[in-house]
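Since the model is a prediction, treat every value here as computed from it, not as a measurement.
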Amino acid sequence: MKFYYANPQPERFVEEVRRIAAGGGFDKVETHLVLATFLGRVIAANPALASMWFEQLADLAGPARDALHMAAWLSQTAEARAWLQREHADPRALGPAPDVLSGPIDHPSRLDIAWAYYFATGDARAVRRVVSALGFMNDVGAAERFKASAQTAEDRARALNDGIFQAASWSLAALAQEHPPLIAMYEQLVDDNELDPTERIALAITLQKLVPDRWSVHIDPQAGTARIDRKR
C-alpha cells in the first residue's frame with residue numbers, strides 16, 4: 001500500500017484484499033478505517049472495475065466484509081452504491097460519506113488515515129493534515145509530565161496532544177526518507193508561509209533533520225523566538 005499512487009496496480013485489488021483478510025488485518029479495530037480509507041480511494045479511482053471486484057470478493061465475511069462495505073461507502077461511486085444496495089448494507093452506508101481529511105486530529109489513528117489517503121492518491125491535502133498535528137509542539141513533554149501531574153482532563157488532553165505530535169513528527173520524517181517527493185512538498189509548505197508559526201517551525205525542524213545542508217532552525221529559548229534559514 002505504501003506510496004501506491006506512484007505505481008498504481010489496480011489489477012491486484014482482489015488479491016491484496018484477500019491477503020489482508022487472511023493475515024487478520026481487518027480484524028484490528030485500530031486499522032479498520034485506515035484500510036477502508038485506502039481501499040475506498042482505489043475504488044474511487046477505478047469505478048469501471050469496482051463491480052467486478054465486488055463480485056469476486058462476494059465470499060468475504062465478518063470484519064473483512066464490513067471493511068469492504070466501508071471502503072465502498074467512502075468511495076462514493078455509483079457502482080459502490082448499487083452494490084451496497086444489493087448487499088442490504090446499513091442504510092447509513094447509502095448516504096453521504098464523511099470527509100476523512102476534515103475534523104480535529106484528536107487521536108493518532110487519524111494520522112494513519114491521512115497517510116492511507118495519501119498513499120492511495122498522492123493528494124497533498126492529506127500530508128497537510130498530518131502537518132497540522134505539528135501545531136501540538138508546545139505540548140511536547142506533556143506525556144511524561146502526566147505521570148506526576150494531578151491528571152486532570154487538561155493534563156490528559158495535553159499528554160494526548162504530545163503523543164499525536166510525536167507520531168506526526170516521526171511519520172513525516174520516516175516516510176520522507178523513503179519517498180523524496182515528500183521533502184519537496186514539505187519545503188513548499190514552509191516556503192509558502194501557509195502554515196501557522198508553530199507548524200512552520202516544527203516542519204522546518206523536520207527538514208533540518210532530513211536535509212541539513214539546506215535547512216537550519218535557530219531557536220532562542222530565552223526570547224521565545226525561532227529563525228528558519230534555507231540555503232538556495
Rounded to the nearest 0.5 Å, how far apart are [atom1] of [X] and [atom2] of [Y]?
X: N161; Y: M137; atom1: CG; atom2: CE; answer: 13.5 Å
X: I113; Y: I105; atom1: CD1; atom2: CD1; answer: 10.0 Å
X: L203; Y: L134; atom1: CG; atom2: CG; answer: 6.0 Å
X: L207; Y: K209; atom1: CG; atom2: NZ; answer: 11.0 Å
X: L35; Y: F26; atom1: CG; atom2: CZ; answer: 5.5 Å
X: I219; Y: R227; atom1: CD1; atom2: CZ; answer: 11.0 Å

Judged by atom type as modelled, is there a donor-acceptor pair below 3.5 Å linking the side chain of [X] to the main-chain atoms of [Y]?
X: Y117; Y: G122; value: no
X: H179; Y: P181; value: no
X: R145; Y: A159; value: no
X: D155; Y: F146; value: no
X: S169; Y: F165; value: no

Does any pair with a residue in residues 49-64 pass side-chain hydrogen bond (donor to acceptor under 3.5 Å, both in side chains), and if so which ones, sequence neighbours excluded?
R18-D59
Any pair with a residue in residues 164-193 that passes salt bridge (charged side-chain N to carboxylate O under 4.0 Å, His left out), sequence neighbours left out, goes on the list, sorted by first then second residue, please.
K2-E178, E187-R214, E187-R230, D191-R230, D191-R232
Salt bridge (charged side-chain N to carboxylate O under 4.0 Å, His left out) contacts touching residues 98-118 (sequence neighbours left out):
D106-R110
V17, M1: one ILVMFWY side-chain cluster at the under-4.5 Å cut-off?
yes
Under the side chain to side chain contact (heavy atoms under 4.5 Å, CB included) rule, collect the residues that match up with A72, sequence neighbours excluded.
F54, A80, W83, L84
My understanding is that only residues two or more places apart in sequence, or in another chain, count here; which of them pass side chain to side chain contact (heavy atoms under 4.5 Å, CB included) with N138?
T198
If the plane angle is over 60° it's perpendicular, under 30° parallel, otherwise tilted; pick one for Y4 and F38.
perpendicular
List the residues meeting salt bridge (Lys or Arg N to Asp or Glu O under 4.0 Å) with [X], not counting sequence neighbours, and say none if there are none.
X: R158; value: D139
X: D27; value: none
X: E194; value: none
X: E87; value: R65

So with a 6.0 Å cut-off around CD of Q85, is the heavy-atom count from everything else above 12?
yes
Which residue pairs pass the ring-ring contact (aromatic ring centres under 6.0 Å, His included) test when at least one of the two sits in residues 213-232, sequence neighbours left out?
none
Could you tell me which residues satisfy side-chain hydrogen bond (donor to acceptor under 3.5 Å, both in side chains) with N46, sequence neighbours excluded, listed by chain and number?
none
List the residues meeting side-chain hydrogen bond (donor to acceptor under 3.5 Å, both in side chains) with E199, not counting sequence neighbours, and say none if there are none.
R128
Side-chain contact test, heavy atoms from C-beta onward, threshold under 4.5 Å: evaluate it for S109 versus L33 and give yes or no.
no
